[in-house]
> 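Here it is: the structure, laid out below.
Computed from a prediction, not measured in an experiment: that's the story for all the values here. We name chains A, B, ... by the order of the sequence lines, and we start the count at 1 in each one. Computed over heavy atoms, backbone and side chain alike; hydrogens, waters and symmetry mates excluded.
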Amino acid sequence: MKVLRVSKLTIALFVLPCLLLYICLVFVPILVSLYSGLLDWNGIGESTFVGLENFTNLFFNDKVFWPAVKRTLMFAVFSMAEIPIALFIAILLNRFIRRPNFLVSSYFLPVILSVVIIGQLWMTIYNPASMGGMLNQILEALNLKSWTRSWLTDPAIAMYSIYFVALWQYLGYHTLIQFTGIQNIPADLYEAAKIDGAEGLKADWHITFPMNIPIFKISIVLAFIGSLQAFDMIMVMTGGGPANATDVIATHMYNMSFKSMKYGYGSSIAAFLVGVCLVATIIINYLFNRLERKYS
Amino acid sequence: MKSNLSTVSRSATVHTKPRFSIAKPLVYLLLGILFVTQLYPLIWLGIYSLKNNEEILSGSFFSLPAVPQWVNFQNAIEAGNYFRYLSNSVFVTTVTMACVLLLSSLVAFAISRFRWRYGQIVMLVFLVGMMIPMQATLLPLMIIFKNLSLLNTHASIILPYIAFQTPIAVFILSGFMKSIPNEIEESAIIDGAGIFRIFRSIIMPVSIPPMMTVCILTFINIWNEYILAATFISSERLKTLPFGVYSFVSQYSVNYGAIGAFLVLGALPVILIYFLLADKITKGMVAGAVKG
C-alpha cells in the first residue's frame with residue numbers, strides 16, 4: 001500500500017513539469033499533424049481546408065506511396081526473420097562458449113554507432129571498385145567481376161543493399177536480447193529435462209523456446225516498429241532515390257514535406273504512419289498475450 | 001545418495017558442455033565468421049582512413065597504407081570543425097541527460113509512491129507516447145518552433161530530445177521505485193522528513209542503478225541522433241557530431257582518406273565509452289528495448 005499522502009500542489013510540482021513538456025512536444029504536434037493532414041498548405045502561405053482529399057490522393061493517386069508501404073513491410077519482414085537467427089546464435093554462444101560476453105559485446109558494437117557513421121561507412125564499402133569500395137574489390141579479387149554492382153544506385157538492388165546494412169547493424173541487438181533472455185532461464189529446468197532425456201536442440205524446443213516468448217515480444221516489437229519507422233539510414237544513404245526506388249513511408253513523408261513543400265500532404269502521411277504504428281503495437285501485444293497464456 | 005545429488009547438480013551447472021565433438025569446430029567457425037563480419041568493416045574503415053587517395057583508389061581492400069597518412073586526421077579536425085561539433089554534442093547530450101533524469105524521476109516517484117487517483121492514467125499517457133514515431137512530429141514541431149523563433153538554436157533539439165526520452169525513463173524508474181519497501185518512507189515520515197527530503201535523501205540515492213540505465217539510453221539515443229538536428233539546425237557552429245559528419249562527407253566527397261578519418265573520429269567517442277562500460281551499456285540497451 002502506498003503510504004505517501006500529499007497535497008495536490010505537491011503532486012503538481014512533481015508531475016506537471018515533465019508531463020506538460022511531454023504533452024506539448026509529443027501530443028500537440030501529433031494533433032497539429034492530424035489537423036494539417038486535412039489542409040492544402042505549403043507551410044508558409046494561406047492554407048485551405050480540403051477534408052480528406054490528401055488521404056484519397058495518398059491512397060489512390062500517389063504512385064510512390066504503395067511501393068513505399070510495401071518496402072516498409074518488407075523491411076519489417078526481413079528484420080523479424082533475423083530474430084530466429086539471433087536466437088540460434090545466442091543458443092550457440094550460451095552452450096559452446098565459456099565466456100560469451102566478449103563475443104556478445106563485439107557483435108553489439110555496430111548498434112551503438114550513429115546511423116550517419118554506419119550509413120557512410122557502408123556507402124564507402126558499396127562504392128565502385130575504382131573508388132575504393134571494399135565489396136566490389138573483394139568480388140574482383142575472387143574473380144567474380146560479373147557480380148560487381150553499383151549497389152546503391154541500381155534501382156533494382158539499392159533497397160536490398162539498405163536492408164542488408166540494417167540487418168547487419170541490428171543483428172547484435174537481437175542476439176544480445178535473446179542471449180539475455182536465455183541466461184535468465186533457470187538452469188534447473190535444463191537439469192530436469194536432462195533427467196527426462198531431453199538435451200541439446202530437443203531441450204531448446206521444449207524449454208528455451210517457450211520460456212523466451214516474452215523476449216521474442218521485445219525483439220519483435222523492436223524489429224517491427226523500428227522498421228515501420230525506418231528513416232535515418234535511408235535518408236543518409238540514398239534519400240529515397242534513385243527514382244524513389246528506396247522510398248519508405250517515413251522518407252516519402254519527409255520528401256513531400258520538406259522537399260516538395262506539401263505540408264498538408266506530408267502531414268497526412270505522418271498521420272498514416274502514427275496510425276500504423278499504434279495498430280501494429282496493439283496487434284503484437286494482443287497476439288503475444290494469447291501466446292503467453294497458451295504456454296503458461 | 002548425497003554424492004549422487006551433488007554430481008547431478010555439478011553436471012547441470014556445466015550444461016554448456018556439448019554432446020557432439022564435431023559440432024564444436026563448426027560452431028567456432030560460425031561465430032568466428034560472424035565476429036569478422038560484424039567488426040571487419042570498422043577495422044577496414046580504420047585502415048582506409050590512413051591511406052592516401054591513390055592507395056584507396058588503386059589499392060586492394062586488405063592492403064595496408066605504405067605510410068600512415070595522419071594528415072587525413074589533421075584535415076578532418078581542422079577543416080571539419082571536429083572539436084566544435086564534439087563540444088556541441090557533449091553540451092546537447094549532457095543537458096538532455098540531466099533534464100531527463102530530473103523530470104522523469106520526479107514523475108516516476110509520484111506515479112510509484114504517491115497515493116493519488118490519476119497515477120495510472122499519467123503512466124498510460126507516457127506509455128502511449130512510446131509508440132509514437134519521432135519523425136511524425138518533425139513537421140509540426142518545425143512549424144511550432146518557427147513561430148516561437150526557436151529554430152536553429154540548441155533548445156530546438158534539446159526540448160524534443162527530452163520529451164522523447166522521458167517515456168522510457170519514467171517506465172524504467174517507476175518500475176524500480178515500486179520495488180522500494182514502504183517501511184523506508186514510513187520511518188522517514190515518523191522522523192519528520194518532508195516529501196522533498198524523502199525524494200532527495202532516500203529515493204534518489206537508492207535509485208542510482210536505474211538512473212545509470214536511463215543515462216546510458218539517453219546518451220546512446222541522443223548522441224547519435226541525426227534527423228532532428230539536421231532539420232532544425234542550420235548554423236555551422238551549432239551542429240552536433242552526426243550532422244557534422246554528414247556535412248563534412250558531402251562537402252569533401254572526393255577526399256576519401258579525410259572522409260574515412262572523420263568517420264573514425266565520429267565513431268571514436270562512443271567506441272571509447274563502450275570499451276569502458278560495455279557491460280553497463282549492453283544491460284541498459286536491453287532495458288531500453290522494452291517498448292510497447
Side-chain angles (χ1 to χ4, degrees), chain A residues 2-6 10-11 14-15 17-19 21-22 25-26 29-30 32-33 92 95-96 103 105-108 110 112-117 120-121 125 130 132 134 137-138 172 176-177 180 187 190-191 199-200 218 221-222 229 231-232 235 250 257 263 266-267 270 273-274 277-278 281, chain B residues 12 15-16 18-19 24 27 31 34-35 38-39 41 44-45 56-57 60-61 103-104 106-107 109-110 113-116 122 129 131-133 135-137 139-141 159-160 162-163 166 182 185-186 195 220 224 226-227 242 245-246 249 256 263 266-267 270 274 278 282 286 289-292:
Chain A
K2 294 173 183 175
V3 290
L4 292 174
R5 290 171 185 284
V6 291
T10 319
I11 294 178
F14 274 86
V15 175
C18 188
L19 192 63
L21 182 84
Y22 176 67
L25 289 161
V26 177
I30 293 293
V32 170
S33 178
L92 293 182
R95 186 157 305 154
F96 289 90
L103 277 180
S105 2
S106 308
Y107 296 162
F108 188 72
I112 56 163
L113 295 176
S114 169
V115 278
V116 176
I117 312 263
Q120 294 293 346
L121 165 62
I125 291 175
S130 61
M134 175 167 75
Q137 282 183 351
I138 290 180
L176 170 71
I177 293 170
T180 314
Y190 291 100
E191 289 167 37
E199 258 189 293
I218 296 172
V221 171
L222 190 79
Q229 303 179 2
F231 184 48
D232 313 36
M235 287 312 287
S257 317
Y263 277 37
S267 298
L273 183 62
V274 173
C277 284
L278 292 182
T281 316
Chain B
H15 76 270
T16 49
R19 220 158 44 129
K24 215 168 178 176
V27 169
L31 295 178
L34 213 55
F35 183 76
Q38 293 305 101
L39 291 189
W44 174 78
L45 180 68
I56 288 171
L57 298 184
S60 171
F61 65 93
L103 293 174
S104 58
L106 286 171
V107 175
F109 182 49
R113 313 298 287 187
F114 288 179
R115 194 181 284 178
W116 58 310
V122 172
M131 299 182 252
I132 291 177
Q135 304 91 298
T137 62
L139 185 59
L141 276 182
L159 288 172
I162 298 170
T166 42
N182 281 321
E185 282 146 326
E186 279 165 16
I195 195 82
I220 298 287
N224 290 334
Y226 160 68
I227 281 293
V245 169
Y246 188 81
V249 172
Y256 299 103
L263 290 177
V270 180
Y274 190 58
T282 47
V286 170
V290 193
K291 289 183 177 177

> State the CD1-CG distance between B:Ile162 and A:Leu21, to the nearest 0.5 angstrom.
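Going from CD1 on B:Ile162 over to CG on A:Leu21, the span is 6.0 Å.
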> I need the minimum non-hydrogen distance between B:Thr282 and A:Leu176, along with the two atoms involved.
O-CD2, 3.6 Å
> Any donor and acceptor pair, going by atom type alone, linking the side chain of B:Tyr246 with main-chain N or O of A:Gln120 inside 3.5 Å?
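Pair absent, no side-chain N/O of B:Tyr246 close to backbone of A:Gln120.
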> Counting heavy-atom pairs closer than 4.5 Å to chain B, which one of A:Ala270, A:Ser106, A:Ala250 comes out on top?
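Between A:Ala270, A:Ser106, A:Ala250, the count favours A:Ser106.
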> When the ring planes of A:Phe14 and B:Phe109 are compared, do they come out parallel, tilted or perpendicular, using 30° and 60° as the limits?
tilted
> As an exercise: rank B:Val27, B:Val286, B:Val245, B:Leu159 by heavy-atom pairs under 4.5 Å with chain A and give me the winner.
B:Val27
> Give a yes or no answer on whether the side chain of A:Gln229 reaches the backbone of B:Gln135 with a donor-acceptor pair at less than 3.5 Å.
no
> Nearest 0.5 Å please: distance from the CD1 atom of B:Ile220 over to the CD1 atom of A:Ile112.
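With rounding to 0.5 Å, CD1 (B:Ile220) is 5.0 Å from CD1 (A:Ile112).
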> What are the two closest heavy atoms between B:Ala163 and A:Leu25, and how far apart are they?
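Scanning both residues, the minimum pair turns out to be CB-CB, 3.6 Å.
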> Any donor-acceptor pair under 3.5 Å linking the side chain of B:Tyr274 with the backbone of A:Leu113?
no
> Under 3.5 Å, side chain of B:Tyr226 to main-chain N/O of A:Met235, donor-acceptor pair present?
no
> Heavy-atom cut-off 4.5 Å, strictly under: side chain, backbone, both or neither for B:Leu139 against chain A?
both
> Is it true that a side-chain atom of B:Asn224 and a backbone atom of A:Val115 form a donor plus acceptor pair closer than 3.5 Å?
no
> Rounded to the nearest 0.5 Å, what separation is found between the CG atom of A:Leu19 and the CG atom of B:Leu106?
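Reported value, rounded in 0.5 Å steps: 12.5 Å.
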